[in-house]
Number of protein chains: 2
Amino acid sequence: MREDQAAPPPADVELIGRRTPQRSTVLGALIGSAEFLSAQALHLRLLAAGEHVGLSTVYRTLTALAEAGRADVVRDPGGERLFRYRPSPQHRHYLLCRVCGTGLPVDSSLVGSWAAGISASSGFADVQHTVELTGTCPDCLREQ
Amino acid sequence: MREDQAAPPPADVELIGRRTPQRSTVLGALIGSAEFLSAQALHLRLLAAGEHVGLSTVYRTLTALAEAGRADVVRDPGGERLFRYRPSPQHRHYLLCRVCGTGLPVDSSLVGSWAAGISASSGFADVQHTVELTGTCPDCLREQ
DNA sequence: GCGCACATGACAACGGTTCTCATGTCGTTT
DNA sequence: AAACGACATGAGAACCGTTGTCATGTGCGC
């Protein structure tokens with residue numbers, strides 16, 4: 001972790017559903033993080049920053065955000081779900097650092113068209129794809 | 001499920017570690033299934049077939065198989081791990097039916113070289129990739 | 001055949017996520 | 001401004017896949 005803990009409440013970012021202090025807080029923390037965060041990690045951050053938001057609420061908010069396409073979700077090797085705010089509405093893929101969690105967006109148009117081709121030639125309908133790249137980022141590599 | 005329940009003990013397939021009836025049974029069931037199976041589903045199948053193998057043993061065997069590169073592992077949307085026997089030693093990708101679980105191997109050399117390219121240009125080390133395609137297979141599509 | 005390291009299985013423990021439900025509050029309507 | 005109803009919250013329990021524990025069993029090299 002290397003950025004701010006408690007992001008100020010986002011002024012102009014659209015919330016989902018009702019505007020409540022808790023949702024603003026969760027969304028703010030998510031936006032304030034450049035890394036992928038688990039729901040629990042985000043919850044701990046908020047607690048550490050003195051913000052009292054229930055774990056259930058964190059889960060609910062993150063899940064809703066993901067469903068609305070406002071967050072990217074990824075699964076770490078342990079099966080935990082990691083969230084990251086997505087400013088742009090398009091489908092993205094990331095190269096994720098296994099050590100610090102930093103996510104580097106990568107160009108995946110190639111994978112997209114590959115998946116589309118598979119979809120067409122296989123006869124399968126409604127084909128979705130998930131691509132996850134993991135590695136060790138240069139920073140973390142240096143610190144070993 | 002559309003194939004045999006209790007596969008006969010595999011005669012000539014190399015086991016991992018000691019040759020025990022339980023491992024033969026688990027491996028046999030895995031080989032006998034064309035679909036991806038969860039550890040629990042496989043365990044249930046064995047019970048239904050009258051084979052008494054402990055759930056722990058099923059997990060241990062499948063995990064060992066996966067670590068040895070003898071099985072492909074995939075995560076379903078719920079986070080559950082699905083296993084499938086891998087006859088050939090190479091890295092594979094599958095297009096998975098969300099309804100029946102059937103896995104269709106797909107040509108993924110393109111993705112492999114794409115990942116290798118990303119790896120080289122990003123500065124990340126030890127880059128691994130997981131690609132999961134899911135859809136509805138023609139059979140299941142027809143039955144709706 | 002002996003012995004021991006490895007394997008097994010019943011069960012408990014664990015960790016992430018979701019559910020429950022009583023209470024609180026946003027925002028709209030009068 | 002007050003009231004109301006639908007939605008949101010949070011503490012804790014429940015859930016579920018998975019892994020650990022440990023006493024007992026057994027494959028296999030000697």
Side-chain angles (χ1 to χ4, degrees), chain A residues 9-10 13-30 36-68 70-84 101 132, chain B residues 9-11 13-30 36-68 70-71 73-84 101 132:
Chain A
V13 182
E14 250 178 80
L15 291 177
I16 286 179
R18 285 189 185 167
R19 162 169 294 269
T20 72
Q22 291 90 342
R23 288 192 184 170
S24 297
T25 305
V26 171
L27 186 52
L30 189 66
F36 275 86
L37 281 179
S38 70
Q40 315 232 25
L42 199 151
H43 182 231
L44 282 179
R45 272 198 196 191
L46 294 183
L47 289 190
E51 308 275 3
H52 291 281
V53 178
L55 183 56
S56 308
T57 299
V58 173
Y59 270 108
R60 273 189 290 245
T61 306
L62 291 178
T63 301
L65 241 20
E67 275 174 1
R70 305 270 308 276
D72 288 309
V73 190
V74 119
R75 247 178 225 284
D76 79 359
E80 203 171 3
R81 289 197 307 193
L82 306 179
F83 298 84
R84 188 183 205 268
E132 273 155 40
Chain B
V13 182
E14 249 178 80
L15 291 177
I16 286 178
R18 287 188 182 166
R19 163 171 292 270
T20 72
Q22 291 89 343
R23 288 192 184 170
S24 297
T25 303
V26 171
L27 187 52
L30 189 66
F36 275 84
L37 280 179
S38 70
Q40 314 230 27
L42 198 150
H43 182 230
L44 281 180
R45 272 199 197 189
L46 294 183
L47 289 189
E51 308 273 2
H52 290 281
V53 179
L55 182 56
S56 307
T57 298
V58 172
Y59 270 108
R60 274 189 291 245
T61 305
L62 290 178
T63 302
L65 241 20
E67 276 175 2
R70 306 269 308 278
V73 190
V74 120
R75 248 179 225 284
D76 78 0
E80 203 171 3
R81 290 197 307 193
L82 307 178
F83 299 84
R84 188 185 205 264
E132 272 155 40

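So that the names make sense, note that chain A is the first sequence line, chain B the second, and so on, each numbered from 1.
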* Asked: If each of B:L82 and B:G17 is mapped to the nucleotide of DNA chain D with the nearest heavy atom, which maps nearer the 5' terminus, i.e. the 5' end?
  -> B:L82

* Position toward the 5' end of DNA chain D (nearest nucleotide), B:F83 or A:R18 -> A:R18

* Structure fact -> Atom CG of A:L62 and atom P of D:dT9 are separated, to the nearest Å, by 12 Å

* Asked: How many Å lie between CD1 on A:I16 and P on D:dT9, as a whole number?
  -> 12 Å

* C:dT17 phosphate, OP1 or OP2, under 4.0 Å from A:Y59 side-chain N/O -> yes

* To do: Scan A:R60 against the nucleic acid and name what it touches under 4.0 Å (heavy atoms): base, sugar-phosphate only, or nothing.
  => base

* Length of the NE2-P vector between A:H52 and C:dG24, whole Å -> 17 Å

* To do: Nearest whole angstrom, please: distance from the C1' of D:dT9 to the CG of A:L27.
  => 17 Å

* Asked: Nearest to the side chain of A:T20, which nucleotide is it out of C:dC26, C:dT17, C:dT8?
  -> C:dC26

* To do: Examine D:dT19: is either OP1 or OP2 under 4.0 Å from a nitrogen or oxygen in the side chain of B:R81? Give yes or no.
  => yes

* Decide yes or no, distance alone: a donor-acceptor N/O pair under 3.5 angstrom between the base of C:dC26 and the side-chain of A:R19. => no

* Asked: Do A:L27 and A:T61 have side-chain heavy atoms sitting under 4.5 Å apart?
  -> no

* Asked: B:L65 CG to C:dA7 P: how many Å, rounded?
  -> 13 Å

* **Side chains of B:L30 and B:R84 in contact at under 4.5 Å (non-hydrogen atoms)** => no

* Asked: So do the side chains of B:L37 and B:R45 get within less than 4.5 Å of each other, counting heavy atoms only?
  -> yes

* To do: Could you tell me the separation between the CD atom of B:E80 and the P atom of D:dC15, rounded to a whole number of Å?
  => 17 Å

* Asked: Does B:S56 put a side-chain nitrogen or oxygen below 4.0 Å from OP1 or OP2 of C:dT8?
  -> no

* **Spacing of A:Q22 atom CD relative to C:dC26 atom C1', expressed in whole Å** => 11 Å

* Side-chain N or O of B:T57 less than 4.0 angstrom from OP1 or OP2 on C:dG9? -> yes

* Asked: Hey, what do you get for CG (B:L42) to CD (B:E51), rounding to the nearest 0.5 Å?
  -> 11.0 Å

* To do: Taking only the side-chain nitrogens and oxygens of B:R23, find out if one of them lies under 4.0 Å from OP1 or OP2 of C:dA7.
  => yes

* Any side-chain heavy-atom pair of A:R81 and A:V74 under 4.5 Å -> no

* Which whole-number value in Å describes the distance from A:L55 CG to D:dG12 C1'? -> 11 Å

